[in-house]
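See structure below.
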Amino acid sequence: MKYFALFGNPVSHSISPRLHNSALCGLGINGIYGRILLEQGGDIIDKFKKYNLQGANITVPFKESVINLCDELDSIAKEIGSINTLVRIGDKIKGYNTDAPGFMMAIAEFGKINKALILGAGGTAKALAYILDLSGVDVEILNRSDKSEQFNNYKFHTHTNFTPSSYDLVVNTTSAGLCGDELPCDKHLLNDIFSNSKFAFDVIYNKNTQFLRLANELNVQNKDGRDMLLYQAVLAFNIFFDNKFNQDNITQLMRGVFEL
Ligand code: NDP
């Protein structure tokens, strides 16, 4: 029996166990994926070893703090500074970030993106800015507070010093709209942004946020974060098994879970 888990706080809302257990079951693997609520991120590696886990995922608020506790880091995770996946390789524990490549898979249907505006400046914004930049996209950041020192390689704006230009893609990575129905910035400003944009993406999933509703009203093609969640899980699952499974098979097994 192989054991896997999600670490975070909170974890009860997460559908990661459903996604991974569906793939384990569908591929006939003798394994189970659970969830572990933690008070402190410093405990993750001890618990990983104590429960004899083969692999794990990390969610808020531990994605950045656990990075210093890994024996090894994948190069993308190292550059971004946050991880969402841990895997046991021999007696070492290696950290990966599959949020960033999962996002790129989710936006593939938009076609070639040359210029993107990211709303928000948290951990997800850092991951997406890095992977977009790596793919040759010209990236700008817009946040309510000034965090420009954390985004040295990008054009950084706050709401008060920003004049929109035109963008292929606008991504909401703020938590505005997650619990309530807020917009990530003033409605007039977002109107101006969308008026010169082709695509909109909200990392929040399974919710028709006000950000997405406004994009719809202005005929900006858009999607929510469900595929990003799906693909980060597909990539993490395959990392747990040394990439030996067919990615399309895992995707198919996991995709069905959203309809449950
Ligand atoms: P962080 O807490 O690191 O960052 C949150 C950002 O949102 C900050 O820049 C903050 O601004 C901004 N913000 C928060 N509230 C508001 C508001 N009311 N108005 C404007 N800006 C606001 O969060 P993460 O980056 O870790 O996560 C962000 C979102 O991404 C969450 O909703 C999470 O669920 C989602 N997510 C989705 C994934 C998927 O697979 N679909 C994967 C990972 C994350 P400030 O800096 O000024 O505080």
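Atoms within a ligand are numbered from 1 in the order they appear, just like the ligands themselves. As a basis for the values below, the full set of heavy atoms in this structure was taken, side chains included, without hydrogen atoms, waters or symmetry mates. The shown structure was predicted, so the numbers you read here are calculated from the model rather than taken from an experiment.
The aromatic rings of Phe240 and His20 lie tilted to each other, with the angle between the two planes from 30° to 60°.
At least one heavy atom of Lys63 sits under 4.0 Å from some atom of ligand 1.
Close placement of the Phe103 and Phe201 rings is indicated, their centers lying within 6.0 Å of each other.
Within ligand 1, the atoms closer than 4.0 Å to a non-hydrogen atom of Glu182 are 18 (N), numbered from 1 in the order shown. Ligand 1 places these atoms under 4.0 Å from at least one heavy atom of Gly123: 3 (O), 25 (O).
The proximity of Leu178 to ligand 1, defined as any non-hydrogen pair under 4.0 Å, is limited to the side chain. Only the backbone of Pro184 comes within contact range of ligand 1, with a heavy atom under 4.0 Å; no side-chain atom does. In Met228, the parts holding a heavy atom less than 4.0 Å from any atom of ligand 1 are both the side chain and the backbone.
Ion pair Lys115/Asp168 not flagged as a salt bridge, since none of the NZ, NE, NH1 or NH2 atoms sits closer than 4.0 Å to an Asp/Glu carboxylate oxygen. A salt bridge links Glu259 and Arg226; the closest N-O separation between the charged side-chain nitrogens and carboxylate oxygens is under 4.0 Å. A salt bridge links Asp227 with Arg255: the distance from a Lys NZ or Arg NE/NH1/NH2 to an Asp or Glu carboxylate oxygen falls below 4.0 Å.
Put simply, atom 5 (C) of ligand 1 has protein non-hydrogen atoms near it, under 4.0 Å away.
The closest side-chain heavy-atom distance from Asp133 to Asn153 is not below 4.5 Å.
Looking only at heavy atoms of the protein, atom 1 (P) of ligand 1 is closest to Gly122 CA, 4.0 Å. Atom 35 (C) of ligand 1 has Val203 CG2, 3.6 Å as its closest protein atom, hydrogens excluded (heavy atom only). Ser175 OG, 4.5 Å is the protein heavy atom nearest to atom 2 (O) of ligand 1.
The side chain to side chain contact (heavy atoms under 4.5 Å, CB included) with Tyr33 is formed by just one residue from the set Phe4, Phe237, Tyr3; it is Phe4.
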